[in-house]
Amino acid sequence: MRGLSEDTYRSRDLDRATVTRAYAGWAPVYDVICGPVFLHGRRAAVAAANRAGGRVLEIGVGTGLSLSEYDEDRTSVVGIDISPEMLAKAQARRTRERLRHVDGLYVMDAHELAFPDATFNSAVCQFVITLVENPERVLSECARVVRPGGELILMSHLYSERGAAAAAERWLARRTRAIGLRPEFPFARLQNWAETHGGVELVERRPVRPFYTLVRMRVVGRPDAAAH
């Protein structure tokens, strides 16, 4: 990881209390502020899940902005979030929009998913994996609950690593932790996890405007126990 060590990146992971507190504050204004900013990234992630079809787990479903965009004929969706305040908004949206393809919405910690192995066809993490306390643990939990042949679909802003953009992201990182943002998370960390895990393969990495990256990984088997 250019410029900073892996230990340094790990030391900058956000703790659960910070994230929970931040998103309780975000809940009343999240749709207005973040809805338009995340639009293209959100739709790209959902489109990937729609192509895969079947049962979808959305990690960090938030206020449920994506729920109506899943194909109701091809998918059934379960959403989880650590923030009760955000999830209450998603529950209200589900009822208001009569989203019958949404099977359930649960307050749950993505580090300890309360689902059996191989339950879903895909796990979608939109703007989440860079913000959790232990990204590797969350990725391993996602891989555990996705069936072989299914996909992990990640959408986030990833660290630019060089030039003025990287310098700006490092500057912002010191000032945005309290509001639950993490602008300097590197792709190499996702790649390292995949190689260590042993049960997934990278199938796509592409930019999505304005400054996001879509990463898709296919579950190819159960990993060795040492990978967790």
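Remember, predicted model here, so these are calculated numbers, not experimental data. What you see below is based on every heavy atom in this structure, not just the backbone, and it leaves out hydrogens, waters and symmetry mates.
The two atoms that bring Cys142 and Cys125 nearest to each other are SG-SG, 3.9 Å, heavy atoms only. Residue Val145 comes nearest to Pro116 through the heavy atom pair CG1-O, 3.8 Å, listed as atom of the first residue, atom of the second, then distance. The shortest non-hydrogen separation linking Ala110 to Ile59 is CB-CG2, 3.7 Å. Summarising the geometry of Arg74 relative to Ala52, their closest heavy-atom pair is NH2-C, 3.9 Å, with the distance given to 0.1 Å.
No path of Ile, Leu, Val, Met, Phe, Trp and Tyr side chains, each step under 4.5 Å between heavy atoms, connects Val200 with Val220, placing them in separate hydrophobic clusters. No path of Ile, Leu, Val, Met, Phe, Trp and Tyr side chains, each step under 4.5 Å between heavy atoms, connects Phe187 with Val203, placing them in separate hydrophobic clusters.
Side-chain contact between Arg205 and Thr213 is present, with at least one heavy-atom pair separated by less than 4.5 Å. Taking 4.5 Å as the limit, every side-chain heavy atom of Glu136 sits out of range of all side-chain heavy atoms of His197. For the pair Leu65/Asp31, a side-chain contact is recorded, criterion being any heavy-atom separation below 4.5 Å from C-beta on.
Of the possible polar contacts, one joining the Arg93 side chain to the Thr63 backbone as a donor-acceptor pair under 3.5 Å is found. At distances below 3.5 Å, not a single donor-acceptor pair connects side-chain atoms of Glu151 with backbone N or O atoms of Met217.
The number of heavy atoms from other shown groups lying within 6.0 Å of CZ (Arg96) is above 12.
Once rounded to the nearest 0.5 Å, the distance linking OG of Ser140 with CG of Leu152 reads 9.5 Å. Distance CD1/Ile82 to CG/Leu131: 11.0 Å, rounded to 0.5 Å.
Looking at residues two or more places apart in sequence or on another chain, you find a ring-ring contact (aromatic ring centres under 6.0 Å, His included) between Tyr212 and Phe38, Phe127. For Val61, the side chain to side chain contact (heavy atoms under 4.5 Å, CB included) partners are Glu58, Leu67, Asp81, Leu87, Leu105, not counting sequence neighbours. The salt bridge (Lys or Arg N to Asp or Glu O under 4.0 Å) test applied to Arg94 returns no partner, not counting sequence neighbours. In this structure, the salt bridge (Lys or Arg N to Asp or Glu O under 4.0 Å) partners of Glu204, at least two apart in sequence or on a different chain, are Arg206, Arg216.
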Please lay out, stage by stage, how Val138 and Glu133 fare under the test side-chain contact (heavy atoms from CB on, under 4.5 Å).
-> CA-CA 9 Å; Val138 171; Glu133 190 170 57; over 6 Å; no
Apply the test side-chain contact (heavy atoms from CB on, under 4.5 Å) to residues Val56 and Phe120: give CA-CA distance (whole Å), side-chain angles for both, the deciding distance (0.1 Å), then the verdict.
-> CA-CA 6 Å; Val56 178; Phe120 299 95; 5.9 Å; no
Verdict with supporting geometry, Leu154 and Leu214, side-chain contact (heavy atoms from CB on, under 4.5 Å) | CA-CA 6 Å; Leu154 314 177; Leu214 174 68; over 6 Å; no
Kindly determine whether Val124 and Tyr70 satisfy side-chain contact (heavy atoms from CB on, under 4.5 Å), including the steps that lead there.
-> CA-CA 11 Å; Val124 177; Tyr70 288 100; 3.9 Å; yes
Given salt bridge (Lys or Arg N to Asp or Glu O under 4.0 Å), test Glu85 with Lys89 step by step and report yes or no.
-> CA-CA 7 Å; Glu85 293 83 1; Lys89 296 277 188 179; over 6 Å; no
Which atom pairs, donor and acceptor, lie under 3.5 Å between side-chain atoms of residues 39-51 and protein residues at least two apart or in another chain?
residue, atom, partner, partner atom, Å
Arg42, NH1, Gly35, O, 3.2
Asn50, OD1, Asp71, N, 2.8
Asn50, ND2, Glu69, O, 3.2

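The side chain to side chain donor-acceptor pair (under 3.5 Å) pairs that include a residue from residues 111-123 are Asp109-His111, Asp117-Arg144, Asn121-Arg147, where partners are two or more places apart or lie in different chains.
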